[in-house]
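So the structure is just underneath, and the comments pick up after that.
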Amino acid sequence: MSSRSQLASWQALSESAKKMKQIHLKDLFAKNSTRFEQFSAQIPGVLFDYSKQQIDKTVFEQLIALAKECDISARREKMFSGEKINITEDRAVLHTALRNRANTAVMVDGENVTDAVNAELAKMKAFVGKVRSGEWLGYTGKAVKDVVAIGVGGSNLGPQMATEALAAYADGTLNVHYVSNVDGVQIASVLQGLDVETTLFVISSKTFTTSETMTNAKSAVEWFLQTAQAQEHIAKHFVAVSTNLEKTAAFGIADENVFTMWDWVGGRFSLWSAIGLPIALYLGFDAFEEILEGAFEIDEHFKNAEFENNVPLLMALLSVWNTSFLGYTAQAILPYDQALHMLPAYLQQGEMESNGKHVTFAGETVPYTTVPIIWGMTGINGQHAFYQCLHQGNVIVPADFIASIEPQVNVGKHHDILLSNFFAQTEAMMAGVDAEQVTADLTAKGKSEAEISELLNHKIHQGNRPTTSMLLDKVDAKTVGRLIALYEHKIFCQGIILEICSFDQWGVELGKGLASKIEAELFDDAVSHPHDSSTNGLIAYYKTHRKQ
Ligand SMILES: O=P(O)(O)OC[C@H]1O[C@](O)(CO)[C@@H](O)[C@@H]1O
């Protein structure tokens, strides 16, 4: 049995879960007129309302007790101070050191990493300045107009999500395009229409061994050399972001064109490092620093706020409550802000690659459900796609609703209409509509008793669907930094509570290894390979039917 399930708070919560399943959220609101004040928190730039979660005062206190019993404070201190809390890889976890705007010393293996971080930020700033001002020239003496950022997973999702989120602030100096998929259609469509002489490639890969990224990078070089011809011109058009200087050199990228990161930065937490270079190129270095500032504010909040008002901790506790106690195994992320349309995809990696694991720190099987399935899309589009299931389906999906008070662009009444939907949906999911209300409504519409009885059950909304609402001041650089850092610290706390090492990703290795073996098999003459009959059958069918 996991030590977590033996904690007094865990056992108390298990009992509370049985009781809470019998209580409707609507009744909790009816009984307590100050529920919103009681279960919401305000931090700079963010109102966090969790009053529509299935908790009461007792559950809240038990969750706080759980956080205390799990020793979150001590673990948090270990992370910020550079202890090697990534136990399976023997690494520190220091994405917070990348945005340490207080400039305090953070030591790893006797070295102050703050100095290294500052040096790299200065190198980025100088490079971004040169490229954006037109001082950096391509091999024919022309300034850069287009940046193609090649990378996948953590080396893509963060920068692309932030780029999309902040596109309204771009000054048009540079266009930034992203290539993450090894499906050639993506790189082909990005390169189509680009001018070799004015294109800069940023190859981002922490390891510089990721097959998809390396394949895309090689195709980019081929495309470039078809026109530029001479290898020496690569230096003016290709830069890399990586920890692996050997591999970047072997690839042909000059050391001075490599921006470094460190093994204590996890891929999915790396947006704050030089992996964020495409964001800085697109928006300017000041905007990139604003993102760091926003995240730093949240780091300070996470370190200093009381547990009861500590937003990332509360996010983690609510997730554990919903998943491990109430048994809700999915979690929707629903931004009511077009700019945040990539947030669900970004958080899918953040949460599921971090905590989608089945053993504890000690390697024992966890007896509870760990991370929920994270999914979602912009709320408005979701309303016309899958909300039917959120309202009336028999699988309950807790959801994070995210909107901003001030729109990035004001067009007529659009923002108020958008926000009306944001407010309406969580109310509907919480309260639902019962038989009495449906009957009254249909009666008022002049329906007969027979008609009402036919429709009644179809129109009932059970409600009691837990949601959290986050109301941001505005989606700007600082807020994007805040929002991401909130989720990062949520993921950290969730991992501690669930006893999961959040910073490795062994689960992705099996598929990667098999794919590279199969790639060779696609070109040999063997009739069959040591796979199951399905895999062999699929490979054989592909080999027979593909165009040579
Ligand atoms: O930056 P790299 O080394 O290319 O890795 C890309 C991504 O691949 C993974 O290792 C697993 O797919 C992620 O954790 C990482 O973000």
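Read the numbers this way: they start at 1 and go in the same order the structure lists the ligands and their atoms.
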(request) Compute the centroid of each ring, for Tyr346 and then for Tyr487, and state whether the two points are separated by less than 6.0 Å. (result) no
(request) Kindly identify the option in Gln505, Lys206, Arg268, Lys512 whose heavy atom sits closest to atom 8 (O) of ligand 1. (result) Lys512
(request) Using distance alone, with no hydrogens and no angle criterion, decide if Trp262 and Thr243 have a side-chain donor and acceptor under 3.5 Å apart. (result) no
(request) Can you establish whether the number of heavy atoms outside Lys247 located under 6.0 Å from its atom NZ is more than 12? (result) no
(message) Just by distance, no angles: are the side chains of Trp272 and Glu488 close enough, under 3.5 Å, to form a donor-acceptor pair?
(response) yes
(message) Does either side chain, that of Gln338 or that of Glu164, offer a donor lying less than 3.5 Å from an acceptor on the other one?
(response) no
(request) Would you please indicate yes or no on a ring centroid separation below 6.0 angstrom for Phe251 and Phe238? (result) no
(request) Indicate yes or no: does an N/O atom of Thr213 lie under 3.5 Å from an N/O atom of ligand 1? (result) no
(message) So if I count the atoms of ligand 1 from 1 in the order they appear, which ones are less than 4.0 Å from some heavy atom of Val152?
(response) 6 (C), 7 (C)
(request) Give the atoms of ligand 1, by number and element, whose distance to some non-hydrogen atom of Ser205 is under 4.0 Å. (result) 1 (O), 2 (P), 3 (O), 4 (O)
(request) May I ask you to check whether Asn244 and Thr207 show a side-chain donor-acceptor distance below 3.5 Å? (result) no
(request) Report the part of Thr207 in contact with ligand 1, treating N, CA, C, O as backbone and CB onward as side chain, heavy atoms under 4.0 Å; options are side chain, backbone, both, neither. (result) both
(message) For atom 11 (C) of ligand 1, what's the nearest protein heavy-atom neighbour? Residue, atom name and distance, please.
(response) Val508 CG2, 3.4 Å
(message) Using heavy-atom distances only, which candidate in Asp504, Asn156, Leu157, Thr210 approaches atom 2 (P) of ligand 1 most closely?
(response) Thr210
(message) Out of all atoms in ligand 1, which are within 4.0 Å of some heavy atom of Glu353? Include the element for each.
(response) 11 (C), 12 (O), 13 (C), 14 (O)
(request) Give yes or no for whether the N/O distance cutoff of 3.5 Å, strictly under, is met between Gly154 and ligand 1. (result) yes
